[in-house]
Structure formats: C-alpha cells, structure tokens
Amino acid sequence: MTPITYKLDAEAPASTTYYPQAEAFTDEVLERAEETITPLARSYRRYLIEYELEDPRTVEEYAFELLNLGVLWRRYGSTALAVEMAPFRLLAFLSEWRKKHQHIKPAIDIVRGVLMAFFLTPIEPRRTEATPCCLADLEYLVRWLEATGDFREDAIRFVRWLVFFSTLEPADFRTQMNVVVQFADWFESAGAGRMGAFTPNVDSFVRENAARYRWREDRFACLRSRVEYHLNMVGAEIMNRAFLNEYARSEKKTVLLPGCMRLRSAEECEGTTTPKGIRCAGCEARCRVNQIRMLGDRQGFDVMIIPHSSDLSLWSTKPGEPAQGVVASACLSVLVQGGWELKRYGVPAQCVLLNECGCSKHWHSEGFPTQIDVRELKRLVQPGCRTESVRQALIA
Ligand code: SF4
C-alpha cells in the first residue's frame, strides 16, 4: 500500500535501513552544528547554569532546540506575525484541558478546530523569508505555537530562550538569528537528501488535504511539512541518546503503545481500562500489541496502550515507588513533543517510531493496524551495551 506520508520499512526492516540512516544523519547534523549553532547552545547552557533556571541538559539538546526554532520560524513565522488578534490564552488553556479531561475531549476538539481555523491559520500559509529582526518577532511566534497546542512543548522551551536572547545586544541577536535560520536552511536541504526516501508522500498529502483539515483540531499535527518530519527523526535520535543513562537506571520499564496498533477496533478490543491506560487481555493472537505484551512477559517489561494526547504526568515516579522508565511509541508528527513532555514530568524515556501513520482518527478513512520495528524496540528496552558505548563516546 502507498504510504500516507512516511514509511520506515518500505524496502527492508527499519532496523536495517531507517534507524542506521537516522543515526548517521544525526551525527552529521551535530557535526555541522559545531561550526554554526552549537557555540550559541553552549552560551545558553552556561547562562541557565549561572542563573539556576533549570537542571542543565546536554549541549546537543540545546542545539536541537535552536535548529527547531529555525525550522519553525521558516515554516510558521509569517503565519504567526500575520495574526493580529487571537484568543491565545483560551486556546492554550483548552489544549491543556483536553489532556486532563478525556471525557469532554471530543467537544473541546470541535471548539479548538473552529477557533484555530478562524484565528491562527491564514488561507495560504507562506514560508517566512526574512529572519527575526527583533525579539518581539520571536515572542509572537512562541505565543502562536503555544496556542496551537501541538507545539506547546516547543513553546515551553522557547520561553527560556527568549529570556536569554533578551540579554543580547540587538545587533548580536540579529547575527545569531541569521546563523540559526541559515542552519535550518542547510538542514532542510540535507534532510531531503538523506532522509527523503522515508517521507515520499508528505508534500502531496499536505497539498491534497489542506482544505479537508482546515476546521480540524489536528490540522497542525497532520499537515506538517517534510522538513518537520526530518527534524523529528533527528530529535528522536538526540533524545534517545540524551535520556539513555537515566532510562537504563530505572528499575521498572513499561512500553507505551498507541491504540492504533491493535488488530481489533477500540470497541472490540477486550483490554482492561486502568487509570494509566489499557492493559491488553490477549484476545487476539495476531495482534501486535499482544505479541509485544508476550515479549514483555518473557523479557521483564510491562506494556500499556495509551490514548493519543493522554496525560503523561501519570507516568512520573511517585514517592516510595520503583523508578519508572518508559519506551514510548508514536508517529513522527508527535513523537518529539511526547518525549519532551515525559522529560518535563521527570520520566526517563526512550522513543521508537511507528513505521508509518495509519489510525482512522487522524490519517486514514478506515484505519489499519500500525507497527513498530520490534528489533529496535528490543534494543531500546534493554539498553545494557548501548549505555556503555555512549559512555565511551562521551569520554572520547
Ligand atoms: S490482543 Fe490485546 S490489544 Fe489486541 S485487541 Fe485484544 S486486548 Fe486489545
């Protein structure tokens, strides 16, 4: 079947094609960043440490945030600046509410879809050609990102960057923004060359479906551009490296799978609903979730099905409980945001991509069971030898 937007295992298993390629491209991006944006990421890290604004993370994570800023500016900057008036705070509030109150989520989603189409989305979004010329431009972008709900985690990180940027002289700020945006341009073209084989239909999907998604709350998640797909591929890889040691130390490990992996529909699935998600009851031998659950029984990890946009704070370790690590799985358009959210709640996480998107709620009229690369899952869930190799790389 033709992929909807992306596919990681079109030619061969993703563990032998996509994952090695993503690893190599991430190395290339980080190497190139050293000559361009990483010095700024280092200054930012020193600033955060000096003013004790957050527990310092790795330089690579901050470099990725800068790359993310450059890509999102190019993609959404002119859209954000064109919005003269919008209920930003109401939209941001609604996006939080739908996570906390799943029973009224469908109603909230209808309201969000209408408000977003009306206030946040021009009829024809255009690429932003200029670089941000002052801090106010970026502030506008960040407010817009937060209001969409889909970029909330990005916005939370950018707010701290805004504080740091406010300490720069205006001319220095413009110089740094030029470097960031030029790096994003290099990434766009390099990403298309290195990772484009895995995202063959993103452009056509966006072109053909823009009108269909216009009034929907998932319009930003489903109409992501090709460069954003490649950005999330690199983001997932950087996160897995950065969170690896903490995850490896966690005593209990749980694999979180999306409902769209089930062979049966939500109504026919016999899984048991718990406060944290749905526990597979093994009603269907061919169901992927069931097979991974049985693998977990043999290898000592738990498996849960969690609905899209569920409250991930439930996975943070409570006092007196064994440290909980998770391997989360989702499609490319939302994976990095999920990883950041887990990090914000202090949950040590690793992430594995769905091989392609296919749920009926967001992507496909009938939907089909999605899959992950089980070899990659095994590699992530029990990471003994990987932690040693990462440690050696860090020492080197
Ligand atoms: S095997 Fe498990 S996840 Fe699959 S449909 Fe049955 S209960 Fe649901």
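It should be emphasised that the depicted structure is a prediction, and the values quoted were computed from it without experimental measurement. Counting starts at 1 for both ligands and their atoms, in listed order. We number each residue from 1, following the sequence as shown.
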Quick check on contacts: which atoms of ligand 1 are under 4.0 angstrom from a heavy atom of [X]?
X      : value
Glu270 : 7 (S)
Gly271 : 7 (S)
Ala281 : 2 (Fe), 7 (S)
Arg262 : 3 (S), 8 (Fe)
Asn290 : 1 (S)
Val289 : 3 (S)
Glu284 : 1 (S), 6 (Fe)
Cys269 : 5 (S), 7 (S), 8 (Fe)

**OP:** Look at Cys283 and state whether any of its N, O or S atoms is less than 2.8 Å from atom 6 (Fe) of ligand 1.
**Re:** yes
Original post:
Any heavy atom of Ile305 sitting closer than 4.0 Å to ligand 1?
Top reply: yes
Just checking [X] against [Y], ring centres under 6.0 Å apart?
X      : Y      : result
Phe165 : Phe158 : no
Trp161 : Tyr44  : yes
Tyr47  : Tyr51  : yes

Subject >> side chain to side chain contact (heavy atoms under 4.5 Å, CB included) between Cys269 and Val289, intermediate numbers included >> reply: CA-CA 11 Å; Cys269 166; Val289 176; over 6 Å; no
**OP:** Taking all heavy atoms of Lys253 and all of Gln324, pick out the closest pair and write down the distance.
**Re:** C-NE2, 4.1 Å
Subject >> Closest protein heavy atom to atom 4 (Fe) of ligand 1, given as residue, atom name and distance to 0.1 Å >> reply: Cys287 SG, 2.4 Å
Original post:
Who's the nearest protein heavy-atom neighbour of atom 2 (Fe) of ligand 1, and how far?
Top reply: Cys280 SG, 2.3 Å
Original post:
Any Lys/Arg nitrogen of Arg379 or Glu376 sitting under 4.0 Å from an Asp/Glu carboxylate oxygen of the other?
Top reply: yes
**OP:** Look at the aromatic rings of Trp340 and Phe64 and report parallel, tilted or perpendicular, splitting at 30° and 60°.
**Re:** tilted
Subject >> Candidate pair Trp144 and Phe220, rule ring pair (Phe, Tyr, Trp, His ring centres under 6.0 Å), full reasoning >> reply: CA-CA 12 Å; Trp144 183 91; Phe220 292 111; 5.2 Å; yes
